Amino acid sequence: MGTYDGGVTDLRTGKRVLLAKPRGYCAGVDRAVQTVEEALKLYGAPIYVRKQIVHNKHVVQTLEAQGAIFVEENEEVPEGATVIFSAHGVAPEVYEQARERSLKAIDATCPLVTKVHQEAKRFAAEDYDILLIGHEGHEEVIGTAGEAPAHIQLVDGPDGVDKITVRDPEKVVWLSQTTLSVDETLETVARLKTRLPLLQSPPSDDICYATSNRQHVVKEIAPECDVVIVVGSTNSSNSVRLVEVALDAGARAGHLVDFAHEIDDAWLTDARTVGVSSGASVPEDLVNDVLTHLAARGFADVEEITTANERLVFSLPQELKRDMKAAAARG
Ligand code: SF4
């Protein structure tokens, strides 16, 4: 692994790495992964998990090896078994299906996604038209839209603005997926406002702190980078956004990799400065592997660029904590 020495460029090779901080695990992912681990310890394998608990190949494979079984829908879970809902959240009908099958459901939805669900329910109850900015087909968007399908329309980026229709232009609010590009969302909102000047904004930012912090630091380092390597999976929205943000901010190239061995030596041929970051669902071990891989190719000097320090921690889901407490009391 590279040396954290204040980032003096290696005078022999002229090569360096700019390592973005914050990167990697956010509080919601940390909680979701711990939820599966603790459930496996408490109830024993197998534990069923509906959808990928977080969008990261390595995390899913590691939990599978410990006894987690990932399924797409509740019907695949045997009646009466334990099922964990992923960090991305689910529509109310998914809880209903779980009840019908007598499943023991543990909800690992990130509290910041739950916050958007609550906003959707509140505005729907007040009979607003809700414009949900997000990526069509993403699990989080499906879950949020499921809270109030009759009131919610999806706006998939600035080009989706022309397709929307509202009942009352004075009673419209926009909400968003938590893992979008901050800049692109601002552009979408600006375009919406040209059509709907009285459009209301969410009570607080829906794009979460982890998404915006990771984008902010990548924007800082990108102009100096010949190539930015983001560690993350292709189905991870916030990871994919980091590559786009890097390119928009001036990086000459950007690539998403799940593992260090996917780095093509050709990407490094003429590079002097390589930026490294990772999505919110990526364990730090995978970043360390990338740094080791780069060091072996002459990029041994690593400067960590920090634009924020994150301390947020979420407690485990209530239903799991309750069972853990009961088990501890039984000794
Ligand atoms: S990226 Fe944001 S919304 Fe998603 S799990 Fe992490 S903290 Fe929660």
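Note that the coordinates shown come from a computational prediction; the quantities given were computed from them, not determined experimentally. Every number for a ligand or one of its atoms is a count from 1 in the order of the listing.
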Q. Parallel under 30°, tilted from 30 to 60°, perpendicular over 60°: which one fits the rings of Phe259 and His58?
A. perpendicular
(Q) At less than 2.8 Å, would any N/O/S atom of Cys110, backbone or side chain, sit next to atom 2 (Fe) of ligand 1? (A) no
Q | NZ/NE/NH1/NH2 to OD/OE distance under 4.0 Å, Arg16 and Asp301 | A | no
Q: Classify the angle between the aromatic ring planes of His255 and Trp267 as parallel (below 30°), tilted (30 to 60°) or perpendicular (above 60°).
A: parallel
Q: Going by heavy-atom distance to atom 2 (Fe) of ligand 1, choose the closest among Cys26, Ser281, Cys208.
A: Cys208
Q) Hey, looking at atom 3 (S) of ligand 1, which of Thr178, Thr114, Val54 has the closest heavy atom? A) Thr178
**Q.** Residue pair Lys51, Glu73: steps toward the side chain to side chain contact (heavy atoms under 4.5 Å, CB included) verdict
**A.** CA-CA 7 Å; Lys51 309 282 184 192; Glu73 295 301 341; 3.5 Å; yes
(Q) At less than 4.0 angstrom from any non-hydrogen atom of Tyr209, what atoms of ligand 1 do you find? (A) 7 (S)
